Amino acid sequence: MIWNDSEQDLRTAAEQLRQGNLVAIPTETVYGLGANALDEAAVASIFRAKGRPADNPLIVHIADLKDIETYAYPNQWAYRLAERFWPGPLTMILPKKKMIPSIVSAGLESVALRFPAHPIAQKLIRYANCPIAAPSANVSGKPSGTTAQHVLHDFEDRISGVVDGGPCACGLESTVVSLLDDNPVLLRPGFITPQQLREVLPSLLIARGVEEELQKNEVVLSPGLAHKHYAPNAETIGLLGDAESAARYIKSQCITEPYAVMCFDGEEHFYDTSVILSYGRRGDARAQGEKLFETLRVLDDKQVKRIYINAEKCDGIGLAVYNRLLRSCGFQMIRV
Ligand code: AMP
Ligand code: MG
């Protein structure tokens, strides 16, 4: 079922959420696979539908600032971040209150909270009259869904429906910051950048695992850092450098089977393959973020055995794009 943003459709979708069913909801980041966060059985069905490991906790979405105190124990930083960035693409990890079921937090004593900016998400949360647990709406390990069609592709028979809010504006999941102790830590980069966060949190650290692969036995600050993510079915290899060097590297591999290239806009002519898609201009992380998951999904449908992605490493939103690409390639990122 696809609902639109009419009052009647939103009321119907919210009623489904209230009754414990799964509804995919548009947000400014990516589509979320939503369920009533206070209903354990409903939350369990999110994990089942996605095939999500039980140790990977969910983000709880609220639509009223004061609910930060209903579900968590906020500190001064939380209030200041909320004032500056909410509603918006920022998730805060805070000590959780008992009323959040432990299945939501995967047994942790903390909870991830976000107040999304998307008007449809806000209305659904208010009409359902409950907090909504919603991980990205994709089969676990696969690229996130940024359109209602992506969601139906992954979940058609397993959800009550999706509310179609058009393509997501950011296209990348929220920035996640842990505020559990005296050292605020960035666990996942996103549209809200480290530079912006440091205006409120000057001592912000970046978790190991964000820009590099974690070593075995390393302490993991967020379960999501240790899991496989955003990976197409084909073997995917990142090439860090300019287009000419990337093309030269691919040629040197003497590949005999069809392969795909994901490159920057206007650099297609460097490559010698028929399966080629671009994902935004070099240096324009905002545009890249918007097209990243859509492009990975289209390439995945091309049935190639290997995908090469030309990548760059930049600050700001670029860190979020790089973080997703690193995981899409299972950390096979070669400097060319
Ligand atoms: P997703 O649901 O796909 O947007 O991913 C949510 C991310 O937030 C995952 O990387 C989770 O591991 C992370 N997360 C959620 N709750 C917590 C928590 N309580 N502590 C640390 N990380 C969390
Ligand atoms: Mg996800």
Side-chain angles (χ1 to χ4, degrees), residues 22 24-35 37 43 46-47 49-62 68 71-74 78 89-98 100-116 118 121 131-146 150-151 154-155 168 170-181 183-192 205-210 214 219-231 289 292-293 296-297 320 323-324 326-328:
L22 295 183
I25 64 177
T27 81
E28 68 275 27
T29 58
V30 297
Y31 275 72
L33 187 59
V43 174
I46 294 181
F47 282 91
K50 275 187 65 103
R52 185 172 176 106
D55 68 352
N56 198 5
L58 306 178
I59 296 173
V60 174
H61 296 76
I62 57 177
I68 194 173
Y71 305 116
Y73 296 98
L90 176 70
T91 298
M92 298 185 217
I93 312 288
L94 294 166
K96 91 173 182 73
K97 287 202 170 157
K98 280 217 168 57
I100 296 291
S102 84
I103 184 170
V104 171
S105 61
L108 299 173
E109 291 303 316
S110 55
V111 62
L113 286 185
R114 181 162 100 83
F115 183 168
H118 200 296
I132 304 295
S136 53
N138 53 277
V139 171
S140 195
K142 296 279 130 201
S144 302
T146 55
H150 295 163
V151 177
D154 283 16
F155 295 111
C168 299
C170 306
L172 298 171
E173 305 81 352
S174 59
T175 302
V176 180
V177 178
S178 173
L179 300 175
L180 293 180
D181 57 31
N183 301 307
V185 185
L186 177 73
L187 299 179
R188 180 171 72 186
F191 213 71
I192 310 261
L205 302 172
I206 297 186
R208 279 203 36 84
V210 166
L214 285 171
V219 175
V220 181
L221 289 178
S222 174
L225 286 168
H227 288 293
K228 188 180 163 197
H229 277 306
Y230 325 119
L292 185 71
F293 291 129
L296 284 171
R297 280 174 175 259
N323 167 274
R324 305 310 187 274
L326 205 53
R327 286 170 162 76
S328 299

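Atom set for the values below is all heavy atoms of this structure, side chains included, hydrogens, waters and symmetry mates excluded. Start at 1 and go down the list; that is how both ligands and their atoms are numbered. Values in this document were obtained by computation on a predicted structure and should not be read as measured data.
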With 2.8 Å as the threshold, which protein atoms of type N, O or S lie near the Mg ion (ligand 2)? Leave waters out.
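Within the sphere that stays under 2.8 Å of the Mg ion (ligand 2), the protein atoms of type N, O or S are Ser136 OG.
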
Any donor and acceptor pair, going by atom type alone, linking the side chain of [X] with main-chain N or O of [Y] inside 3.5 Å?
{"X": "His150", "Y": "Pro143", "result": "no"}
{"X": "Arg52", "Y": "Pro57", "result": "yes"}
{"X": "Ser136", "Y": "Ser144", "result": "no"}

Requested in this report: Please lay out, stage by stage, how Arg188 and Thr91 fare under the test side chain to side chain donor-acceptor pair (under 3.5 Å).
Outcome: CA-CA 9 Å; Arg188 180 171 72 186; Thr91 298; 5.1 Å; no

task: Kindly give the heavy-atom pair with the smallest separation between Phe191 and Thr175, and that separation in Å.
output: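 Shortest heavy-atom separation between Phe191 and Thr175 comes out as N-OG1, 3.5 Å.
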
Are the side chains of Leu172 and Phe293 in contact, using a 4.5 Å heavy-atom criterion?
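They are in side-chain contact.
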
| said: Within the structure provided, determine whether Pro89 and Glu173 are in side-chain contact (heavy-atom separation under 4.5 Å). | reply: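 Counting from C-beta outward, Pro89 and Glu173 never come under 4.5 Å.
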
Scan Leu22, Val104, Ile100 and name whichever one has a side chain to side chain contact (heavy atoms under 4.5 Å, CB included) with Val43.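 Only match with Val43 under side chain to side chain contact (heavy atoms under 4.5 Å, CB included): Val104.
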
Can you give me a line-by-line list of nitrogen or oxygen pairs between ligand 1 and the protein shorter than 3.5 Å?
{"residue": "ligand 1", "atom": "2 (O)", "partner": "Arg52", "partner atom": "NH2", "Å": "3.3"}
{"residue": "ligand 1", "atom": "3 (O)", "partner": "Ser136", "partner atom": "OG", "Å": "3.1"}
{"residue": "ligand 1", "atom": "4 (O)", "partner": "Arg188", "partner atom": "NH1", "Å": "3.1"}
{"residue": "ligand 1", "atom": "4 (O)", "partner": "Arg188", "partner atom": "NH2", "Å": "3.3"}
{"residue": "ligand 1", "atom": "5 (O)", "partner": "Arg188", "partner atom": "NH1", "Å": "3.2"}
{"residue": "ligand 1", "atom": "12 (O)", "partner": "Asn56", "partner atom": "OD1", "Å": "2.6"}
{"residue": "ligand 1", "atom": "12 (O)", "partner": "Ser222", "partner atom": "OG", "Å": "3.2"}
{"residue": "ligand 1", "atom": "12 (O)", "partner": "Gly224", "partner atom": "N", "Å": "2.8"}
{"residue": "ligand 1", "atom": "19 (N)", "partner": "Ser110", "partner atom": "OG", "Å": "2.9"}
{"residue": "ligand 1", "atom": "22 (N)", "partner": "Ser222", "partner atom": "OG", "Å": "2.8"}

Six-ring centre of Tyr71, Lys96 cation under 6.0 angstrom, axis tolerance 45°: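 Lys96 over Tyr71 ring: no.
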
